[in-house]
Number of protein chains: 2
Amino acid sequence: MDSTEKKRNFSRKREAILKAVRSTKCHPTAEWVYRTLKPDYPDLSLGTVYRNLAQFKNDGTIVSVGTINGQERYDGNVTPHTHFVCSSCGAVIDIPGRLIDEAQVEKTAEEMHLRVDSWDVLMHGICAKCLHGK
Amino acid sequence: MDSTEKKRNFSRKREAILKAVRSTKCHPTAEWVYRTLKPDYPDLSLGTVYRNLAQFKNDGTIVSVGTINGQERYDGNVTPHTHFVCSSCGAVIDIPGRLIDEAQVEKTAEEMHLRVDSWDVLMHGICAKCLHGK
DNA sequence: AGCAATAAAGATAATTATTACTAACTTGCT
DNA sequence: AGCAAGTTAGTAATAATTATCTTTATTGCT
Ligand SMILES: [Mn+2]
Ligand SMILES: [Mn+2]
Ligand SMILES: [Zn+2]
Ligand SMILES: [Zn+2]
């Protein structure tokens, strides 16, 4: 048995939080998850959302896109893909594929004596909606 | 003349801040710049560092690597390159090259009706120093 | 079902990075 | 030197996230 593994009880709210993150493509913030669930879970606490998101991120159930405009953005889609961030409205949009040469990453890692666990590509620019005036 | 352009006076401290960012490969935080300059500029204020870094970033004089462990990391090297973040010690290390297929980015941008201004590749893992026990 | 052990949550306080404010000080120009 | 506009120090205010602590919920067992 692994001494680092922690027993985890079932939690209705934790399930709801995971479901909420997985239900959207908007790459939500903790705040978004909180606001979304609050009507159905009136006694939900923001701390609970933060705590569980951190937990899910920690064990790889969800992933973080990074901090955009001061807020961490999460993603329930853990299959590797690329992200685009709109500098105007802050939207985070999925781009299919990795756009990167995996073999070259491996080579670079070896050359520089690094252990590479993951990588992400973040594109910046203006989204279609913001480009079209409205 | 462009009405958006603002007159800017010379400032000894602003020059020092830029020089400090350019002098290192550590991808410093505002705090690091402040601590580094403080001995030579005893009345330097942290707000001044933040204000000028934001300004430099804004007009492209320096660039931001993103927010790592809650702190924005800057880079005086504006030629496109890749970054590696050590999950253990937080070091940000330069990786030469872009590792990405520029033509494919262009194609994707057009297909999805996005205007892509820039992109960065961020690798995560364990750095050489942390891998070797110490 | 009742119960003890412990995990999870709610409420709130604390922390931390960053931004805003304002009076005093510089700079660029005449 | 004298003025207008830009910049700073010092400090207060924000805002996201984390920690704490008490209460509640879940689990495994009798
Ligand atoms: Mn995504
Ligand atoms: Mn760099
Ligand atoms: Zn947009
Ligand atoms: Zn390291």
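All chains are named by letter (A, B, ...) in the order of the sequence lines, taking the proteins before the strands, and each is independently numbered beginning at 1.
With a cutoff of under 4.0 Å to any heavy atom of chain A, the contacted region of DNA chain C is bounded 5' to 3' by C/dA7 to C/dA11.
Look at A/Arg73 and A/Asp75 and you find no salt bridge, because none of the NZ, NE, NH1 or NH2 atoms lies under 4.0 Å from a carboxylate O.
Smallest separation of non-hydrogen atoms from B/Asn69 and B/Gly90: ND2-CA, 4.2 Å. Considering all non-hydrogen atoms of both residues, A/Leu37 and A/Leu44 come closest at CB-CD2, 3.7 Å.
Every residue meeting the side-chain contact (heavy atoms from CB on, under 4.5 Å) condition with A/Glu31, not counting sequence neighbours, appears here in chain and number order: A/Thr29, A/Tyr34, A/Arg35, A/Leu46, A/Gln71. By the side-chain contact (heavy atoms from CB on, under 4.5 Å) test, B/Ser23 is found to be paired with no residue, residues two or more places apart in sequence or in another chain being considered. Looking at residues two or more places apart in sequence or on another chain, you find a side-chain contact (heavy atoms from CB on, under 4.5 Å) between B/Ser11 and B/Lys13, B/Arg14. For A/Arg22, the salt bridge (Lys or Arg N to Asp or Glu O under 4.0 Å) test picks out no residue, with sequence neighbours left out. A/Glu102 pairs by the side-chain contact (heavy atoms from CB on, under 4.5 Å) definition with A/Arg98, A/Trp119, not counting sequence neighbours.
In the helix from C/dA1-D/dT30 to C/dT30-D/dA1, the terminal helix axes, each the rotation mapping four pairs' C1' atoms onto the next four within five end pairs, subtend 30°, rounded to 10°.
Of the residues near DNA chain C, B/Lys7 and A/Asn9, the one whose nearest nucleotide (by heavy atom distance) lies more toward the 5' end is A/Asn9. When the nearest nucleotides of DNA chain C are assigned to B/Ser11 and A/Lys13 by heavy-atom distance, the more 5′-ward of the two goes with A/Lys13.
Atom CZ of B/Arg12 and atom P of D/dT8 are 11 Å apart (whole Å). When rounded to the nearest whole Å, the span between OH of B/Tyr50 and P of D/dA9 equals 15 Å.
The environment of A/Lys25 atom NZ is sparse: at most 12 non-hydrogen atoms of other residues, nucleotides or ligands sit within 6.0 angstrom.
Applying a 4.0 Å cut-off to non-hydrogen atoms, the residues of residues 55-77 of chain B that approach DNA chain C are B/Gly70, B/Gln71, B/Glu72, listed by residue number. Contacts between residues 14-48 of chain A and DNA chain C, counted as heavy-atom distances below 4.0 Å, involve A/Arg14, A/Asp43, A/Leu44, A/Ser45, A/Thr48.
In the hydrophobic clustering (ILVMFWY side chains linked at under 4.5 Å, chained through shared members), A/Leu122 is joined by A/Val65, A/Ile68, A/Val85, A/Val92.
Applying the salt bridge (charged side-chain N to carboxylate O under 4.0 Å, His left out) definition to pairs two or more places apart or across chains, those involving residues 50-62 of chain B are B/Arg8-B/Asp59, B/Lys57-B/Glu72. Listed by first and then second residue, the ring pair (Phe, Tyr, Trp, His ring centres under 6.0 Å) pairs involving residues 35-93 of chain B are B/His27-B/His83, B/His81-B/His83 (not counting sequence neighbours).
At a threshold of 4.5 Å between non-hydrogen side-chain atoms, the residues B/Ser88 and B/Cys127 do not count as touching.
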